[in-house]
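These notes are about the structure you will find just below.
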Amino acid sequence: MRLQINASILEIIEGDITQQDTEAIVNAANEQLRVGGGVDGAINRAGGPAIQAEARQIGYCPTGQAVITTGGNLKAKYVIHTVGPIYRGGASGEPELLASCYRESLKLASTRGIKSLAFPSISTGVYGYPMAEAAHIALKTVKEYLEEHPEITLVRFVLFGQPAYEIYAKELEGLRT
Ligand code: ADP
């Protein structure tokens, strides 16, 4: 399912982010930039040790910010690592921090001349963010960014499993105005 925003595309698919051929894929990292489980583990396994080697050189990324490394053996040339908030009930700045993850990742892409990128659903695994709330923030933030930044031509959300896809599809439908 896709939404056209000026000349840019915002799309959602069900799939595996490690297999995407966008110029960059985004990783749901932790502040220490150490290999974890979930999507982080999958990206590092598929991309090989070069990703973690560069991440260790960078060393740290605060929650809500983003850093960039090589894509190693992935089809994507780059991995943008962003650190989502751990969900603690929603009144501890989580919505703002989650929006910041998407915005900062997109800004980094714009700065580096990256035109296409794929996001997983940040914070909705181990970090516990409720999927529908996270989907709303994710899609709204990306839509607003694309409205102002035509240099990014494609943003693809890659949802892991049908239930996640369905939730994102419903939220994306709600953004069609
Ligand atoms: P976080 O710590 O930010 O919650 P997780 O990696 O635990 O990160 O989960 C983030 C989301 O990524 C979850 O919704 C999970 O289902 C999804 N996910 C896990 N593996 C993949 C994959 N290979 N491709 C896309 N999404 C994935």
Side-chain angles (χ1 to χ4, degrees), residues 3 5 8 10-13 17-18 20 22-44 47 51-52 54-55 58-69 71 74 76 78-112 114-149 151-152 154-160 164-165 167-168 171-172 175:
L3 189 63
I5 297 155
S8 306
L10 168 54
E11 73 175 1
I12 63 168
I13 65 164
I17 196 150
T18 65
Q20 303 306 309
T22 45
E23 282 174 75
I25 65 170
V26 179
N27 181 21
N30 52 63
E31 287 189 330
Q32 284 68 38
L33 300 174
R34 287 179 195 274
V35 181
V39 76
D40 191 6
I43 289 172
N44 278 282
I51 297 174
Q52 180 64 11
E54 260 187 52
I58 298 166
Y60 185 77
C61 179
T63 299
Q65 298 296 309
V67 299
I68 188 166
T69 67
L74 295 168
Y78 303 100
V79 176
I80 293 172
H81 305 259
T82 190
V83 182
I86 297 170
Y87 191 78
R88 295 190 172 92
S92 306
E94 296 94 329
E96 295 76 15
L97 287 166
L98 186 61
S100 173
C101 286
Y102 288 99
R103 217 178 290 119
E104 294 301 319
S105 297
L106 289 161
K107 277 198 226 166
L108 201 45
S110 289
T111 305
R112 296 300 186 98
I114 295 165
K115 294 181 184 309
S116 62
L117 63 168
F119 281 101
S121 179
I122 308 287
S123 282
T124 57
V126 173
Y127 282 3
Y129 215 115
M131 187 71 77
E133 289 171 44
H136 183 77
I137 293 166
L139 293 167
K140 184 167 180 282
T141 304
V142 171
K143 179 176 182 250
E144 286 172 0
Y145 191 89
L146 291 178
E147 283 165 355
E148 305 283 322
H149 293 272
E151 73 274 13
I152 306 277
L154 170 67
V155 174
R156 177 183 295 152
F157 280 88
V158 182
L159 289 323
F160 207 52
Y165 177 84
I167 292 170
Y168 269 74
E171 293 297 332
L172 188 58
L175 286 179

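Below, each value reflects all heavy atoms present in this structure, side chains not excepted, and no hydrogens, waters or symmetry copies.
Going from atom CZ of R103 over to atom OH of Y145 covers 10.5 Å, rounded to the nearest 0.5 Å. Interatomic distance, Y127 OH to L97 CG, rounded to the nearest 0.5 Å: 12.0 Å. A distance of 8.5 Å separates CG in L33 from CG in D40, rounded to the nearest 0.5 Å. In this structure, I152 CD1 and I5 CD1 are separated by 12.0 Å, a value rounded to the nearest 0.5 Å.
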Next on the checklist: F160 vs V39, test: side chain to side chain contact (heavy atoms under 4.5 Å, CB included). Steps then yes/no.
Outcome noted: CA-CA 9 Å; F160 207 52; V39 76; over 6 Å; no
Next on the checklist: Let's go through I12 and L139 carefully: what are the C-alpha distance in whole Å and the side-chain angles of both, what is the deciding distance for side chain to side chain contact (heavy atoms under 4.5 Å, CB included) to 0.1 Å, and is it a yes or a no?
Outcome noted: CA-CA 10 Å; I12 63 168; L139 293 167; 4.1 Å; yes
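Minimum heavy-atom separation, I122 to C101: CG2-SG, 4.4 Å. Of all heavy-atom pairs between E54 and T69, the closest is OE1-CA, 3.1 Å. T18 and L74 get closest at one heavy-atom pair: O-CD2, 3.6 Å. Scanning all heavy atoms of the two residues, the minimum distance from S105 to L117 falls at O-CD1, 4.4 Å. For the pair I114 and A24, the tightest heavy-atom approach, listed with the atom from each and the gap, is CG2-CB, 3.9 Å. Between V83 and C61, the closest heavy-atom pair is CG2-O, 3.5 Å.
The shortest side-chain heavy-atom distance between H81 and I51 falls under the 4.5 Å cut-off. With contacts defined as side-chain heavy-atom distances shorter than 4.5 Å, the pair P95/Y129 qualifies. Side chains of T82 and L108 form no contact here, defined as non-hydrogen atoms less than 4.5 Å apart. Residues L106 and H149 fail the side-chain proximity criterion, which asks for heavy atoms closer than 4.5 Å. Considering only heavy atoms from C-beta on, V142 comes within 4.5 Å of F157 through its side chain.
With sequence neighbours left out, the side-chain hydrogen bond (donor to acceptor under 3.5 Å, both in side chains) criterion links E104 to K107. Listed by chain and residue number, R2, R156 satisfy the side-chain hydrogen bond (donor to acceptor under 3.5 Å, both in side chains) test with E11 (two or more places apart in sequence, or in another chain). Legend: residues meeting side-chain hydrogen bond (donor to acceptor under 3.5 Å, both in side chains) with S123, ordered by chain and number and at least two apart, are absent.
Atom NZ of K140 has 12 or fewer heavy atoms from other residues, nucleotides or ligands within 6.0 Å.
A side-chain contact (heavy atoms from CB on, under 4.5 Å) with L146 holds for exactly one of L10, L154, T141; it is L10.
Here the side chain of Q20 pairs no donor or acceptor atom with the backbone of A76 at under 3.5 angstrom. Of the possible donor and acceptor atoms, none in the side chain of S92 sits under 3.5 Å from a partner among the backbone N and O of E94.
The aromatic rings of F119 and Y102 lie tilted to each other, with the angle between the two planes from 30° to 60°.
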